[in-house]
Amino acid sequence: MSSNKLNFKINVYFSLVPAFTREQAISMKSIEKWKILKTDIPLDNKWCTVHKDTVELPSGKIIDDYFVNIRPEVVLVLPVTADGKAIMVRQYKHGAKEVLLEFPGGVFDPGDGSAETAALRELREETGYDTANIEQLGVVYDNPTKDSNQIFFFLAHNVEKLHETEFDITEDIETIEVPLDEIPGLIKGGKIRVSGSIAIYYMAMAVLNTKA
């Protein structure tokens, strides 16, 4: 491609980008990664492995006790019925010490093979619902400051109750059907307070509104 054509494409692209974004793109500085000098493992568990890293910052400063949780990857599913109701779950979360309303999901199992398989399995186990129509919405980091894992977001279309639930020993789950258009009110009213569930709702609605 000639330089003139390349410059034309760049100029067209930036003409479509808001001014503040252009300025940010131009002024972004190069940020260096930290150097890991040493890693100790004070905890090694199937649910969470903890690394104690000794790191060198770009400034040259050494930190000898930066802890990182090495956690399994997670899937989260927003299931929608044919009549526009989202399937949500209520369950006790010991970290928060509260019963919370959220979308079904969980960690990858070794035999899952793919994120989609894990998503469908978690959907079946926690709610008994299933579908042949599922799409991935995106992949995000949960808590990138201290946790290594990512969350794979899925939108499950036209789900139906086809199975019995299969709870883990720690799970006591209530399944609830919630009309999609009521969810923003539940978020605003503090009834839905799990960050992943809030994020997946708005990502899913962007897709559903485009297809409408």
Side-chain angles (χ1 to χ4, degrees), residues 16 21 47 71-93 95-96 98-144 147-168 170-212:
L16 301 175
T21 306
W47 297 110
R71 300 182 59 232
E73 306 287 41
V74 171
V75 290
L76 192 64
V77 188
L78 196 160
V80 182
T81 62
D83 59 352
K85 293 177 181 174
I87 306 303
M88 302 195 71
V89 293
R90 288 180 69 248
Q91 59 183 316
Y92 174 74
K93 295 291 186 175
E98 292 189 41
V99 176
L100 296 172
L101 180 64
E102 59 185 349
F103 291 108
V107 300
F108 282 44
D109 277 355
D112 283 331
S114 70
E116 181 177 314
T117 300
L120 289 170
R121 176 186 53 74
E122 286 290 341
L123 177 62
R124 287 193 306 270
E125 290 179 356
E126 292 196 354
T127 70
Y129 283 77
D130 207 343
T131 183
N133 187 356
I134 188 169
E135 64 178 305
Q136 185 170 311
L137 296 172
V139 185
V140 303
Y141 281 101
D142 187 4
N143 175 21
D147 295 343
S148 66
N149 68 300
Q150 300 177 101
I151 306 179
F152 293 73
F153 286 160
F154 285 88
L155 173 60
H157 301 271
N158 300 323
V159 298
E160 297 179 87
K161 182 69 182 291
L162 300 175
H163 310 280
E164 296 297 321
T165 53
E166 300 176 38
F167 298 152
D168 292 338
T170 60
E171 293 178 329
D172 180 15
I173 297 174
E174 178 186 10
T175 302
I176 300 174
E177 290 189 356
V178 182
L180 280 171
D181 59 6
E182 292 184 9
I183 291 178
L186 294 173
I187 294 171
K188 185 176 180 180
K191 302 299 183 182
I192 300 175
R193 295 190 292 132
V194 182
S195 60
S197 291
I198 295 172
I200 194 174
Y201 169 75
Y202 287 107
M203 291 176 72
M205 290 309 298
V207 171
L208 291 171
N209 288 336
T210 299
K211 293 180 177 180

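Position 1 is the first residue of the sequence, and the numbers go up from there.
The number of heavy atoms from other shown groups lying within 6.0 Å of OH (Y141) does not exceed 12. Within 6.0 Å of CD in E164 there are 12 or fewer heavy atoms belonging to other residues, nucleotides or ligands. Residue-environment remark: CG (D172) stays at or below the threshold of 12 foreign heavy atoms within 6.0 Å.
Checked against the 6.0 Å centroid threshold, F108 and F152 count as a close aromatic pair.
Distance OG1/T165 to CD/E174: 12.0 Å, rounded to 0.5 Å. The CG atom of L180 sits 5.5 Å away from the CE atom of M205 when rounded to the nearest 0.5 Å. Distance check, rounded to the nearest 0.5 Å: CG of L76 to CD of E102 gives 7.5 Å. Between the CD atom in E98 and the CZ atom in R193 there is a gap of 4.5 Å [rounded to 0.5 Å]. To the nearest 0.5 Å, atoms CD1 (I173) and OG1 (T127) are separated by 9.0 Å.
The main-chain N or O of R71 is found under 3.5 Å from a side-chain atom of S148 such that the two form a donor-acceptor pair. Looking at Y92, its side chain never comes within 3.5 Å of a backbone N or O of T170 through a donor-acceptor pair. No donor-acceptor pair closer than 3.5 Å links the side chain of E182 to the backbone N or O of P179.
V207 has its side chain within reach of L155: a pair of non-hydrogen atoms, C-beta onward, lies under 4.5 Å apart. Looking only at side-chain heavy atoms (C-beta outward), H157 and V80 stay at 4.5 Å or farther from each other.
Looking at T81 and D83, their side chains do bring a donor and an acceptor atom within 3.5 Å of each other.
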